[in-house]
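Questions regarding the structure given below will be posed in turn.
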Amino acid sequence: AQKVTQAQTEISVVEKEDVTLDCVYETRDTTYYLFWYKQPPSGELVFLIRRNSFDEQNEISGRYSWNFQKSTSSFNFTITASQVVDSAVYFCALSEVVHTSGTYKYIFGTGTRLKVLA
Amino acid sequence: NAGVTQTPKFRVLKTGQSMTLLCAQDMNHEYMYWYRQDPGMGLRLIHYSVGEGTTAKGEVPDGYNVSRLKKQNFLLGLESAAPSQTSVYFCASITADREETQYFGPGTRLLVL
């Protein structure tokens with residue numbers, strides 16, 4: 001069954017430290033999409049990145065970087081030089097096909113709460 | 001564009017009461033979703049719709065009903081609220097293009113006493 005696992009429930013780091021959030025997924029689809037979302041204390045869900053299964057290139061956006069490895073079914077997220085504003089809950093998600101209808105839906109991990117201490 | 005809006009933002013219900021949560025999007029998206037978020041559980045899909053007049057069950061549909069009479073609106077109903085339905089509810093919409101990402105509403109916080 002399709003599944004997304006974020007084993008780290010909560011991580012605390014001191015400002016300026018680097019931190020990696022892990023995401024492991026399971027899927028039967030050969031074509032799939034992976035996502036990361038940020039949920040700050042205000043509660044809204046903020047889209048960070050989308051990656052399709054055919055693109056294993058790592059991506060960097062400012063202090064954020066993502067490492068996608070199909071061989072280990074992982075899509076990890078690293079924040080370099082963390083800041084207090086990075087404190088949030090981060091969700092990894094997988095887009096799966098509903099084979100009976102050809103439509104798709106999303107499966108979310110349970111989230112990792114990141115606390116960045118000043 | 002307002003994007004995805006949810007009404008109400010916060011509501012307190014007594015056990016057994018009914019209510020309807022409204023999700024509206026102005027992006028002409030085909031697909032719409034209702035999720036609930038509980039501590040330590042992430043977002044779990046309640047129901048979804050792939051077009052006007054269609055609905056389908058998600059992971060946790062029991063106790064909820066939905067309707068999509070107009071493309072821009074997706075309603076989530078609780079016929080007889082239970083304390084277990086205390087949660088934060090998020091609505092999302094997306095085009096039929098899987099390359100896109102979901103757009104989320106701001107959430108509705110529901111407390112059932």
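In what follows, every chain begins at residue 1, and chains take the letters A, B, ... in the order their sequences are listed.
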>> Parallel, tilted or perpendicular, judged at 30° and 60°: which one describes the rings of A:Tyr64 and A:Trp66?
In response: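 Ring orientation of A:Tyr64 relative to A:Trp66: perpendicular.
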> Hey, is A:Glu59 close enough to A:Arg51 for a salt bridge, meaning N to O under 4.0 Å?
Replying inline: yes
>> Which atoms of B:Gln37 are under 4.5 Å from chain A, going by heavy atoms: the side chain, the backbone, both sets, or neither?
In response: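 When you check distances to chain A, only side chain atoms of B:Gln37 fall under 4.5 Å.
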> Which bit of A:Gln39 comes within less than 4.5 Å of chain B, counting heavy atoms only: side chain, backbone, both or neither?
Replying inline: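 When you check distances to chain B, only side chain atoms of A:Gln39 fall under 4.5 Å.
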>> Evaluate B:Tyr64 against B:Arg36 for side chain to side chain donor-acceptor pair (under 3.5 Å), listing each step before the verdict.
In response: CA-CA 11 Å; B:Tyr64 305 95; B:Arg36 60 177 289 173; 2.9 Å; yes
>> Shorter than 4.5 Å, heavy atoms on both sides: which option in A:Val4, A:Leu45, A:Thr9 has the most such pairs with chain B?
In response: A:Leu45
> Is it the backbone or the side chain of B:Phe90 that comes under 4.5 Å from a heavy atom of chain A, or both, or neither?
Replying inline: side chain
> For B:Leu43, is it the side chain, the backbone, both, or neither that has a heavy atom closer than 4.5 Å to a heavy atom of chain A?
Replying inline: both
> Could A:Glu10 and A:Lys115 be called an ion pair, given the rule that one side-chain N must be under 4.0 Å from one carboxylate O?
Replying inline: yes
> Of all of B:Glu30, B:Arg109, B:Gln102, B:Met41, which one pairs up most often with chain A through heavy atoms under 4.5 Å apart?
Replying inline: B:Gln102
> Where does the angle between the aromatic ring planes of A:Phe68 and A:Tyr25 fall among parallel (under 30°), tilted (30 to 60°) and perpendicular (over 60°)?
Replying inline: tilted
